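Presented below is the structure to which this report refers.
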Number of protein chains: 2
Amino acid sequence: MALGKDYATQECSIARALEIVGERWTLLVIRDALYGVRRYNDFLVHLGIPRAVLAARLQALTAEGILEKRRYQQSPPRDEYVPTERGIALWPTLRSLGRWGREQFDQEQVRVFRHAACGTELGSYGECPACGTIVPVPDVVMEPGPGADPDPADPVSRALLRPKRLLTPLEPDPV
Amino acid sequence: MALGKDYATQECSIARALEIVGERWTLLVIRDALYGVRRYNDFLVHLGIPRAVLAARLQALTAEGILEKRRYQQSPPRDEYVPTERGIALWPTLRSLGRWGREQFDQEQVRVFRHAACGTELGSYGECPACGTIVPVPDVVMEPGPGADPDPADPVSRALLRPKRLLTPLEPDPV
DNA sequence: CGACGTGGGTTCAATGAACGAACTGACCGT
DNA sequence: ACGGTCAGTTCGTTCATTGAACCCACGTCG
């Protein structure tokens, strides 16, 4: 979508946004990145995305300044992908999209998001109803809700079952 | 995406939502519907979407209960597509996506949204900063911003230049 | 030393979706 | 009878996605 045909006639910021994050898988990659997934292989197993598509998306997102590619060890060379400010700014969009999906189609909540400072569950737009403020993304705690699978197959899903702050990297499975 | 391959491994309401509105063009069709576009031909000229794709999207959105197909004249039989509650519930998502696109990539505002009651421009999540409430979608007025093309080619874009409430149908060009 | 494993990719053939142009069909006005 | 509008469907071509296979640099185990 970003390549080749685009939403040519649209002079609209929604269309512009969709040219960048509207392709298949892209928003799910960003969601995972906000949840703390950082490595190629973790995205791969958690999303079930084809390798070639993942490589293309990570490259495109890096080029757009939504993720940043960072070398975290020299030998063997290993990179991780972390959300930039621009990527973090998508949190309210993802939050409201997820909320729409759950309210309209799912019953059970798979993940619950709370304000770390006071434990209150976030409202529709990422605000804290108790404090009356928009909660900065690093101050959001994610924990499994009643609809979560208690024993998922892949290690990334298992790591995401432990309550953690958004953006903090995944801890490996301590079995 | 809705048909065939889906985001199988994801037990996540964001993934569920994207299975429904994540296909190319879908969110733009819903955006136009919220702006007051209702007829096949108006979507066609305003979006520049291939006819076959538009027909498929309208059918899918109707099947998902996001748009409702309504006969508005008997002879010749003509239908219009209007957003349901479920479709209207996507407004905060579209609003925050558009805001992200403009803040991160565009400078100029193409469209401005105000609270009809007080004229205040809406905040990021569709709330009225003056009144402190979430503005119901029918009470939002849309008008062209500084970045809007003052003399667009297609009649639908021209009709959208006149300030109007969301959801109200397009008035034809009075030239 | 050589075999195997791991992380992070690239290549390739087959399939599916999107594109645009042409066609259909019901109706209206002249 | 003729042309025009609206709302599609059909169809051949192009483009994107998929899944499987392959690659390579390194680290580790025996």
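For clarity, every value in this text was computed on a predicted model and none was experimentally measured. Lettering follows sequence order; numbering is per chain, from 1. Heavy atoms only: backbone and side chains are in, while hydrogens, waters and symmetry mates are out.
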Under 4.0 Å protein heavy-atom contacts per nucleotide of nucleotides 3-8 of chain C, with B for base, S for backbone only and - for none: ---BBB

Results of side-chain hydrogen bond (donor to acceptor under 3.5 Å, both in side chains) for B:Asp139 - residues two or more places apart only: B:Arg165

Short side-chain N/O contact from A:Ser75 to OP1 or OP2 of D:dG27, under 4.0 Å: yes

Those residues that, when tested against A:Ser13, pass side-chain hydrogen bond (donor to acceptor under 3.5 Å, both in side chains) (two or more places apart): none

Touch class at under 4.0 angstrom, heavy-atom based, for B:Val53 against every strand present: sugar-phosphate

Spacing between B:Gln74 atom CD and C:dA26 atom P, to the nearest angstrom: 16 Å

Pair A:Glu80 + A:Arg70: basic N to acidic O under 4.0 Å: yes

N or O in side chain of A:Trp25 less than 4.0 angstrom from D:dT18 OP1/OP2: yes

Spacing between A:Gln73 atom CD and D:dA25 atom P, to the nearest angstrom: 16 Å

A:Leu47 CG - D:dT17 P separation (whole Å): 15 Å

With a cut-off of 3.5 Å and sequence neighbours excluded, list every side-chain donor-acceptor pair involving residues 121-130 of chain A.
| from | atom 1 | to | atom 2 | distance (Å) |
| --- | --- | --- | --- | --- |
| A:Glu121 | OE2 | A:Gln109 | NE2 | 2.7 |
| A:Ser124 | OG | A:Arg99 | NE | 3.0 |
| A:Glu127 | OE1 | A:Tyr125 | N | 3.1 |

Any donor-acceptor pair under 3.5 Å from B:Arg111 side chain to B:Met142 backbone: no

Separation of C:dA18 C1' from A:Glu23 CD (nearest whole Å): 13 Å

Quick one: which protein N/O atoms are closer than 3.5 Å to N/O atoms of nucleotides 12-14 of chain D? Pair and distance per line, please.
none

Verdict with reasoning, B:Arg78 to B:Gln73, per side-chain hydrogen bond (donor to acceptor under 3.5 Å, both in side chains): CA-CA 5 Å; B:Arg78 290 286 180 264; B:Gln73 77 180 29; over 6 Å; no

Gap between atoms CG and P, on B:Leu67 and D:dA7 respectively (whole Å): 14 Å

Protein-nucleotide distance (B:Leu58, atom CG; D:dC6, atom P), rounded to Å: 16 Å

Under 4.0 angstrom between A:Arg24 side-chain N/O and D:dT18 OP1 or OP2: yes

A:Leu94 backbone acceptor or donor facing A:Arg31 side chain under 3.5 Å: no

Which residues share a side-chain hydrogen bond (donor to acceptor under 3.5 Å, both in side chains) with A:Glu68, sequence neighbours left out: none

Length of the CZ-C1' vector between A:Arg57 and D:dT17, whole Å: 8 Å

For atom CG of A:Leu44 and atom P of D:dG19, their distance in whole Å: 11 Å

Nearest-nucleotide comparison on DNA chain D, the residue closer to the 5′ end among B:Ala55 and A:Ile49: B:Ala55

Mutual orientation of the aromatic rings belonging to B:Phe113 and B:Tyr35 [parallel < 30°, tilted 30-60°, perpendicular > 60°]: tilted

